[in-house]
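One structure below.
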Amino acid sequence: MREYNFYEVEKKWQKIWEEEKILRAGDFPEKKFYVLVMFPYPSGDLHMGHCRNYVIGDVIARKKKMEGYDVLHPFGWDSFGLPAENAAIRRKIHPREWTFKNIEESREDIKKMGILYDWDREIFTCKPDYYKWTQWLFLLLFKRKLAYRKKAFVNFCPSCKTVLANEQIAHGRCERCGKEVTKKELEQWFFKITDYAERLLKDLEKLEGKWPERVIEMQRNWIGKSEGVEIDFIFEENKDIKLKVFTTRADTIYGVTFLTISPENEIIKEIIKNSEYKNEVLRYIERSLKISEIERASILREKTGVFTGKYAIHPFTGEKLPIFVGDYVLAHYGTGIVMGVPGHDQRDFEFARKMNLKIKIVIKPFDSEIGEEIERAYEEYGIMINSGEFTGLDSKNGIEKVCEKLEKMGLGRKSISFRLRDWLISRQRYWGAPIPIIHCENCGIVPVNEKDLPVLLPEKVDYIPKGRSPLETNEEFMNTTCPKCKNKAKRDPDTMDTFVDSSWYYLRYIDPKNDKEIFDKEKIKRWLPVDEYIGGAEHATGHLLYSRFITKVLYDEGLIPFDEPFERLFTQGMVLRRTPDGNVEMMSKRAGNAVTIREFTKDWGADIARINILFAGPPERDFEWTDEGVQGAKRFLLRVWKLFNENEEVFKKAILEINKEKLSEKEKELYKLTHIYFKRVSEDIENYKFNTAIAALMEWMNHLYSFPLKLSEIFGYSLNFFCIALSPFAPHMAEEIWSKKERGSILKEKWQKWDEKVIEEEEVTIVVQINGKVRGKIKVKKGKNEEEIKEMAFSLPNVKRYIENKEIVKVHYVPDKILSIVIK
RNA sequence: GCCGGGGUGGCGGAAGAGGUAGACGCUGUGGACUUAAAAUCCACUGGGAAGUAAUUCCCAUGAGGGUUCGAGUCCCUCCCCCGGCACCA
């Protein structure tokens with residue numbers, strides 16, 4: 001038997017695929033299929049943890065290609081960003097140099113895995129021909145009043161010395177370096193994603209059933225819509241000043257005993273203007289803005305606050321309500337002021353206890369009484385008490401009634417609050433797309449003219465982080481003229497968040513070389529939306545939300561005819577592996593448990609890696625890479641090779657059609673099974689069940705080994721379809737086997753869609769149950785009636801044993817499946 | 001705390017829409033081949049009991065209840081693990 005050399009065979013076929021450009025896509029497809037994998041940050045030496053989603057995408061792309069689709073399967077590099085800069089600082093080389101070196105390495109690795117992309121469409125977000133259009137997109141948002149600048153307290157990482165977006169903070173710490181995030185007041189650019197909150201939420205319905213439920217749910221929570229009432233509390237000293245409060249529990253309004261304002265709120269200045277507590281308040285504000293987000297947000301932390309010395313008026317009772325400043329109130333949510341209802345909100349309860357404030361009970365449980373002295377706030381709905389005209393109402397209905405009264409008084413209105421905040425896109429970093437804005441002393445903020453794009457990233461800057469943008473260190477870049485008045489002006493020194501780059505890249509693949517416009521509308525119409533998008537779930541509330549937002553903006557501008565970019569989404573699990581110290585962790589260079597593509601494909605081969613990755617478990621779940629798994633994959637593939645070797649002649653001779661009428665009983669069975677297995681593989685790929693697809697191939701193979709008539713025509717027929725079904729998973733071996741037939745690449749073969757009738761079973765096994773337990777089985781022709789089955793069942797010795805001398809209570813027959821007998 | 005997803009052999013995991021629980025693989029044990037080992041091939045491999053045997057029975061899908069002729073799958077209560085959010089008023 002001929003040996004199989006994985007390394008040589010794989011090299012050979014990768015070269016052929018490359019030369020034949022076998023997966024190049026045209027601009028105007030007939031029957032399109034756009035399969036996209038989340039493009040990576042180029043980190044150099046790739047390992048198995050990096051490529052799970054590429055393997056998944058490749059299986060789908062190959063199958064769709066064979067099904068006759070025009071397949072678009074592109075690849076690119078999300079190549080701006082902090083790591084390049086950090087690595088470059090460490091190694092004292094330019095970020096670009098480091099980035100492109102990594103890209104070269106990573107691209108080779110991906111090819112070594114046998115993954116087919118249309119490399120003619122490769123994109124690089126860090127190249128001017130790409131970021132020109134990122135800047136163009138910025139200008140579009142600016143034009144549509146969706147990009148704005150404001151002085152704001154922003155999240156700042158003291159270690160990376162840069163501003164962070166909400167999405168880049170995890171548990172109050174910088175996602176990248178783990179340092180606690182602090183607050184800093186800076187002029188920053190924002191994208192007004194909150195304008196789209198309602199649509200981003202609503203359109204999640206369109207994705208139901210096509211995106212993973214948990215991603216949809218995460219976005220829902222992230223957008224965080226709540227419906228409530230905005231209530232005006234009049235400032236006692238000056239009736240023109242209204243303290244606006246947002247609440248979802250207007251039913252508790254009679255329980256309000258104080259108001260609390262967040263320290264960031266500008267209105268405080270007005271409130272304390274002539275207060276004897278002024279200095280105390282200012283000191284408190286200063287202190288709370290300094291402490292880190294993580295400290296401030298800690299639930300365990302005791303509530304703190306300070307009295308302003310001033311009062312507001314309760315809209316219904318006219319009572320004087322003391323006004324406090326407290327940092328447990330969030331600045332960005334609702335109005336930044338809350339009404340304190342200590343009886344029915346645990347946070348207010350804690351604050352009231354600390355500050356010795358009155359606690360009023362205004363809601364009681366439906367079925368019990370509630371005392372004056374409570375240990376914690378009663379937060380459920382119930383019956384309204386001590387609530388004037390509303391007393392006795394179900395509090396859920398009370399919300400509506402209270403709101404109506406406030407509306408009549410002109411002191412309240414229905415209101416909706418979102419948890420989602422605007423997208424902060426300014427970064428004080430070098431390796432990103434410059435913001436195409438010019439600051440002019442006369443004209444203010446002026447956008448760069450479209451014809452002057454791209455604003456090129458200057459080559460020479462001092463990019464050691466100092467908390468200011470590195471671009472400021474390049475005079476030549478900074479000094480420019482105002483496009484409006486032609487006077488001297490300065491460029492904006494910041495670069496854009498890299499999530500801006502990746503929020504539209506799936507569109508650029510369609511027309512990657514277009515230097516006249518961001519993309520050709522006609523081509524986009526033909527290819528988009530993306531049919532299958534594959535990537536990590538960690539992007540649920542970042543990239544995937546931003547992309548949806550940008551898509552909607554482009555839709556509103558009339559540039560694209562769809563408003564959701566990704567038709568179906570699949571999120572794969574992580575690849576884990578045991579580390580040298582025995583823990584099972586995510587595969588990474590740092591943990592010392594990486595299996596690199598380069599090493600592995602040299603020693604074992606890409607097909608083995610692919611089978612191992614896909615067979616180890618369901619693709620949405622994490623899996624552990626083990627040596628045993630690798631061995632198993634190898635054993636399977638060598639057994640496949642041996643099977644074809646031993647039966648080469650019959651395989652070569654066989655054609656892809658057969659006259660089933662002439663087949664013997666034994667042969668018919670294999671004919672039937674061939675179709676069943678092939679269908680299972682097909683459907684399992686369609687449903688992302690690659691593990692069971694490979695299990696079906698294994699069963700099929702085992703069956704072929706034990707099939708006695710190895711010289712029959714049907715055997716060759718089955719071998720042929722086995723090879724086709726194998727090809728998306730182990731493409732190199734499949735090609736090598738297929739090449740014996742001298743029909744060209746297996747990718748040009750047709751992936752069959754067989755109908756149900758071919759595989760109709762004429763014999764079935766009927767299970768006989770007695771009181772729910774299996775007591776016998778009968779093999780019969782399909783479609784026997786109940787009487788016949790009963791007769792056969794009752795004559796089975798084992799069944800007889802049970803029903804003898806017993807009363808039969810009931811017999812239940814499910815045609816061709818089960819006969820269930822109930823005895824006493 | 002809230003929201004999602006899960007708990008099935010020694011392990012990874014299978015079980016359209018309630019219908020033979022444990023597919024497929026790994027590991028392990030025994031055997032064949034070999035001077036020997038590796039590789040390969042064959043058999044067995046959830047636990048327990050009876051039988052020389054073929055076979056048969058009991059128990060078993062986190063725990064406890066329920067619906068049903070029949071529950072891993074549906075309903076209720078509880079426990080544990082993973083992921084996300086977290087003072088969101």
Side-chain angles (χ1 to χ4, degrees), chain A residues 1 170-172 212-222 224-226 228 245-250 252 260 262 296-301 303 326-330 332-341 344-348 350-351 379 417-421 537-538 540-541 573-574 611-612 615-618 620-624 626-636 638-639 642 683 687 689 691-702 705 765-777 797-798 801 809-814 816-823:
Chain A
M1 184 183 130
H171 309 288
E213 191 48 42
R214 76 185 174 120
V215 173
I216 293 177
E217 218 37 56
M218 275 163 82
Q219 290 210 357
R220 245 180 220 137
N221 294 338
W222 192 262
K225 179 178 176 173
S226 20
V245 153
F246 174 78
T247 180
T248 52
R249 292 297 301 272
T252 64
T260 311
S262 99
R296 195 172 148 182
S298 168
I299 305 163
L300 301 167
R301 184 172 156 255
K303 303 267 179 294
D327 67 6
Y328 77 97
V329 178
L330 297 173
H332 321 268
Y333 187 74
T335 60
I337 308 175
V338 299
M339 58 184 212
V341 187
H344 305 285
D345 183 291
Q346 186 59 20
R347 296 155 300 183
D348 297 342
E350 285 163 22
F351 189 73
E379 296 186 318
S417 271
F418 290 96
R419 187 190 166 283
L420 184 70
R421 290 203 242 159
E538 68 274 17
T541 52
M574 292 186 300
I611 295 287
N612 188 36
F615 183 62
E620 68 278 6
R621 235 181 284 174
D622 293 351
F623 89 96
E624 188 188 334
T626 60
D627 294 345
E628 288 78 17
V630 170
Q631 282 298 347
K634 181 176 182 178
R635 202 170 298 155
F636 166 62
L638 288 180
R639 260 167 65 81
K642 190 173 141 230
E683 286 174 355
N687 297 319
K689 288 164 72 179
N691 53 333
T692 51
I694 292 171
L697 285 170
M698 288 170 168
E699 275 184 64
W700 191 351
M701 176 186 72
N702 292 339
Y705 264 109
T765 304
I766 290 172
V767 174
V768 184
Q769 290 186 350
I770 296 172
N771 286 356
K773 292 206 157 66
V774 180
R775 299 301 181 198
K777 293 167 192 179
N798 203 36
R801 247 179 58 200
V809 179
K810 190 178 174 180
V811 178
H812 186 86
Y813 180 59
V814 183
D816 297 330
K817 254 189 183 165
I818 268 180
L819 185 78
S820 182
I821 303 162
V822 189
I823 56 169

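The sequence lines fix the lettering, A, B, ..., with proteins before strands; numbering per chain opens at 1.
Residue A/Ser226 comes nearest to A/Tyr333 through the heavy atom pair OG-OH, 2.6 Å, listed as atom of the first residue, atom of the second, then distance. Looking at every heavy atom in both residues, A/Asn691 comes nearest to A/Phe615 through O-CD1, 3.5 Å. Minimum interatomic distance between A/Thr765 and A/Lys777 (heavy atoms only, all atoms of both residues): CG2-CB, 4.0 Å. Nearest heavy-atom pair across A/Met218 and A/Ala537 is CE-O, 4.5 Å.
Listed candidates were B/C24, B/C69, B/C3. Nearest to the side chain of A/Ser820 is B/C69. In the set B/C3, B/G84, B/A89, the nucleotide with an atom closest to the side chain of A/Met218 is B/G84. Between B/A23, B/A89, B/C69, one nucleotide has an atom nearer to the side chain of A/Ala695 than all others, and that is B/A23. Nearest to the side-chain atoms of A/Thr247 among the listed nucleotides B/A89, B/G84, B/C87 stands B/A89. For A/Glu213, the side-chain atoms get nearest to B/G5 when compared with the rest of B/G5, B/U56, B/C85. The side chain of A/Lys817 has B/G19 as its nearest neighbour among B/A89, B/G19, B/C85. Comparing B/C26, B/C41, B/C69 by their closest approach to the side chain of A/Arg635 singles out B/C26. Among B/A86, B/A14, B/A23, the nucleotide with an atom closest to any side-chain atom of A/Asn691 is B/A14. Of the candidate nucleotides B/C69, B/C59, B/G4, B/C59 has the atom nearest to the side chain of A/Lys773.
The shortest distance between the side-chain N/O atoms of A/Arg775 and the OP1/OP2 oxygens of B/C58 is below 4.0 Å. Of the side-chain N and O atoms in A/Arg621, none sit less than 4.0 angstrom from OP1 or OP2 of B/G12. For the pair A/Asn612 and B/G25, the criterion of a side-chain N or O lying under 4.0 Å from OP1 or OP2 is not met. Using a 4.0 Å cut-off, no side-chain N or O of A/Thr692 falls inside it from OP1 or OP2 of B/C24. Within the structure, every side-chain polar atom (N or O) of A/Lys777 is placed at least 4.0 Å from both OP1 and OP2 of B/G19. Regarding contacts with the backbone of B/U40, every side-chain N or O of A/Arg639 stays at 4.0 angstrom or more from both OP1 and OP2.
When heavy atoms are screened at a 4.0 angstrom cut-off, A/Val338 is found touching base atoms of the nucleic acid. Residue-level contact check: A/Val774 touches the backbone only, with heavy atoms under 4.0 Å from sugar-phosphate atoms and none from bases. Nucleic acid contact class of A/Thr626 (heavy atoms, under 4.0 Å, all strands): none.
Nucleotides B/G72 and B/U61 are separated by 5 Å at their C1' atoms, to the nearest Å. If you take atom P in B/C2 and the same atom in B/A49, they sit 47 Å apart, rounded to whole Å. Using atom C1' as the reference point in both B/G4 and B/G10, the two lie 31 Å apart (nearest Å). Nucleotides B/G47 and B/A38 have their C1' atoms positioned 35 Å apart, rounded to a whole Å. Atom name C1', nucleotides B/U55 and B/G65: the rounded distance is 36 Å, in whole Å. B/G64 and B/A71 have their C1' atoms separated by 15 Å, given to the nearest Å. Look at the P atom in both B/G62 and B/C81: the space between them is 16 Å, to the nearest Å. On the C1' atoms, B/C69 is 12 Å away from B/G18, given to the nearest whole Å.
In this structure, A/Arg214 atom CZ and B/C2 atom C1' are separated by 17 Å, rounded to whole Å. Taking atom CD on A/Glu620 and atom P on B/G5, their separation rounds to 13 Å, with Å as the unit. Rounded to whole angstrom, the span from the CG atom of A/Asp348 across to the P atom of B/A89 amounts to 12 Å. Put simply, NZ on A/Lys225 is 13 Å from P on B/A89, counting in whole angstrom units. Regarding A/His332, its NE2 atom lies at a distance of 13 Å from the C1' atom of B/C87, rounded to whole Å. Atom C1' of nucleotide B/G5 and atom CG of A/Asp622 are separated by 12 Å, given to the nearest angstrom. Summarising the geometry, the separation between CZ on A/Arg220 and C1' on B/C2 is reported as 16 Å, rounded to the nearest angstrom. B/A89 atom P lies 16 Å from atom CD1 of A/Ile337, rounded to whole Å.
Place A/His812 and A/Pro618 on RNA chain B by their nearest nucleotides, and A/Pro618 ends up nearer the 5' end. Residues A/Asn221 and A/Gln769 both approach RNA chain B. Their nearest nucleotides, taken by heavy-atom distance, put A/Asn221 toward the 5′ side.
For B/G7, the glycosidic angle deviates from 0 by more than 90°, giving an anti base. Applying the 90° criterion around 0 to the glycosidic angle, B/G16 comes out syn.
Contact of the A/Ile337 side chain with the A/Val329 side chain is not registered, since no non-hydrogen atoms from C-beta on lie closer than 4.5 Å. With contacts defined as side-chain heavy-atom distances shorter than 4.5 Å, the pair A/Val774/A/Val768 does not qualify. Taking the side chain as every heavy atom from C-beta outward, A/Lys303 and A/Asp348 never approach each other to under 4.5 Å. With a 4.5 Å cut-off on side-chain heavy atoms, A/Met339 and A/Thr252 count as touching.
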* To do: Using Watson-Crick or G-U wobble pairs with both distances under 3.5 Å, give me RNA chain B in dot-bracket, 5' to 3', with [ ] for crossers and | for pairs to another strand.
  => (((((((..(((......[....))).(((((.......))))).(((((....)))))..(((((..]....))))))))))))....
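Note that CG of A/Asp816 is 12.0 Å distant from CG of A/Leu819, once rounded to the nearest 0.5 Å.
The neighbour count for A/Arg775 CZ, taken as heavy atoms of other residues, nucleotides or ligands under 6.0 Å away, is above 12.
Using cut-offs of 30° and 60° for the angle between ring planes, the A/Phe351 and A/Tyr328 rings count as tilted.
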* To do: Any chance you could lay out the side chain to side chain donor-acceptor pair (under 3.5 Å) test for A/Asn221 and A/Arg419, step after step, and finish with the verdict?
  => CA-CA 8 Å; A/Asn221 294 338; A/Arg419 187 190 166 283; over 6 Å; no
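Residue A/Glu628 places no side-chain atom within donor-acceptor reach of the base of B/G12, judged by atom type and a 3.5 Å distance cut-off alone.
A salt bridge does not link A/Arg214 with A/Glu217: none of the charged nitrogens is closer than 4.0 Å to a carboxylate oxygen.
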* Could you run through nucleotides 62-68 of chain B and give me one letter per nucleotide, 5' to 3': B if any protein heavy atom sits under 4.0 Å from the base, S if only the sugar-phosphate is that close, - if neither? => -------
